[in-house]
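The structure appears below as structure tokens.
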Amino acid sequence: MIKVLLATEKPFASVAVKGIKKIIEDAGFELVTLEKYTYHNDLIKAVQDVNALIIRSDNVNRQVIEAAKDLKIVVRAGAGYDNIDTVAATENKIVAMNTPGQNSNAVAELAIGMMVYYIRKGFSGSAGTELKGKILGIHSYGNIGKNVARIGKGFGMKVYAYSPSKPRKVIEDDGINYIGNLEELYSTCQFISASIPANAKTIKSINYELLSRMPEGATLINTARKEVIDEDGLLKMFAERKDFGYLSDIAPDCKSKIEEEFAGRFFFTPKKMGAQTAEANINAGLAAATQIVNFILHGDDTFKVN
Ligand code: 3PG
């Protein structure tokens with residue numbers, strides 16, 4: 001019997017796990033779970049006899065891939081698959097997939113939520129400001145960016161978007177202002193919401209050169225990965241620009257320095273929280289289970305990333 005492992009250090013809502021179980025069992029497969037585990041070794045042990053694997057941000061490195069002798073497919077229930085060693089997967093004839101778009105609304109709502117929290121001074125009782133009429137930049141216009149733009153528009157913000165891949169027409173058809181290059185996006189927008197994959201091109205790409213272009217009240221919202229920020233440039237920006245704030249779904253490595261020196265100008269989630277809603281868990285989890293069934297039974301490799 002095909003054995004599917006759901007390995008989630010940060011567990012899905014139980015309603016999503018039930019849905020995943022149903023899809024897997026209806027296909028005649030078996031589901032086993034490894035939730036809230038502590039050590040990477042737990043994952044390495046658990047993959048040894050499974051044929052398919054569903055994960056979130058769990059670290060599927062070469063060690064895991066090589067321990068998983070019977071593994072045919074790993075699906076990252078979410079967007080970013082920087083936590084999978086796709087080279088090792090390919091070498092071991094393992095298909096890797098993600099579930100693009102399935103948790104993007106949840107992430108976008110968190111981006112906007114962090115903005116509201118920040119400009120209202122953490123609901124502390126002090127007077128804050130409003131989003132209406134402010135300029136929001138979308139870096140870049142993927143599934144999350146599109147949702148941040150939609151919600152920002154709803155707040156009455158003036159929204160600009162940059163995309164390295166989407167044509168101007170796609171952005172303009174959504175009623176969003178198109179900007180053709182990143183430098184101009186950062187020069188134009190007080191708020192920048194960054195939702196970009198972490199890869200060789202983007203790691204440390206949000207640097208001082210870009211950030212220092214931002215106008216008065218510069219606020220960067222990062223729902224991508226901490227690695228896309230150049231932290232030396234981030235600290236320089238904090239030190240030089242008293243108006244600069246940084247809101248991030250997961251703290252940077254230089255968190256303690258920011259906490260010590262720049263109080264009141266940041267917000268960091270304690271764990272990656274963007275996709276942590278029942279809806280996003282259901283959407284991404286069920287999509288992952290369905291993709292596994294379709295791949296094993298029908299060879300369907302839509303959403304393959306390696
Ligand atoms: C993603 O890449 O889909 C998001 O960062 C969510 O990650 P998570 O599933 O670990 O919450």
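All values below come from the heavy atoms of this structure, side chains included, with hydrogens, waters and symmetry mates left out. All ligand and atom numbering here is 1-based and tracks the order in the structure. We number each residue from 1, following the sequence as shown. On a predicted model such as this, the values are computed, not experimentally measured, just so you know.
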Next item on the list: Could you find the nearest protein heavy atom to atom 11 (O) of ligand 1 and give me its residue, atom name and distance?
Entry: K10 NZ, 2.8 Å
Checklist line | Top protein contact for atom 3 (O) of ligand 1, by heavy-atom distance | finding: A79 N, 2.6 Å
For ligand 1, which atoms have a heavy atom of [X] less than 4.0 angstrom away?
{"X": "S57", "answer": "7 (O), 8 (P), 10 (O)"}
{"X": "N103", "answer": "1 (C), 3 (O), 6 (C)"}
{"X": "A275", "answer": "6 (C), 11 (O)"}
{"X": "G78", "answer": "3 (O)"}

Checklist line | From R76, K272, K271 - option closest to atom 1 (C) of ligand 1 by heavy atom | finding: R76
Note to self: On a heavy-atom basis, which atom in T129 and which in R120 lie closest, and how many Å separate them?
What the structure shows: O-NE, 3.4 Å
Notebook entry, point to check: So which heavy atom on S140 is nearest to which on S163, and how close?
Noted result: CB-CA, 4.0 Å
Check: Where on Q276 is there a heavy atom closer than 4.0 Å to ligand 1, on the side chain, on the backbone, on both, or on neither?
Finding: neither
Notebook entry, point to check: Can R213 and E209 be counted as an ion pair, charged N to O under 4.0 angstrom?
Noted result: yes
Notebook entry, point to check: Are E231 and K226 ion-paired here, with the side-chain N under 4.0 Å from a carboxylate O?
Noted result: no
Checklist line | Counterpart residues, ring pair (Phe, Tyr, Trp, His ring centres under 6.0 Å), relative to Y160 (two or more places apart) | finding: none
Checklist line | F238: ring pair (Phe, Tyr, Trp, His ring centres under 6.0 Å) partners, not counting sequence neighbours | finding: F244, F262
Check: Is the number of heavy atoms from other residues, nucleotides or ligands under 6.0 Å of Y81 OH greater than 12?
Finding: no
Note to self: Looking at ligand 1, would R225 count as a contact under a 4.0 Å heavy-atom criterion?
What the structure shows: yes
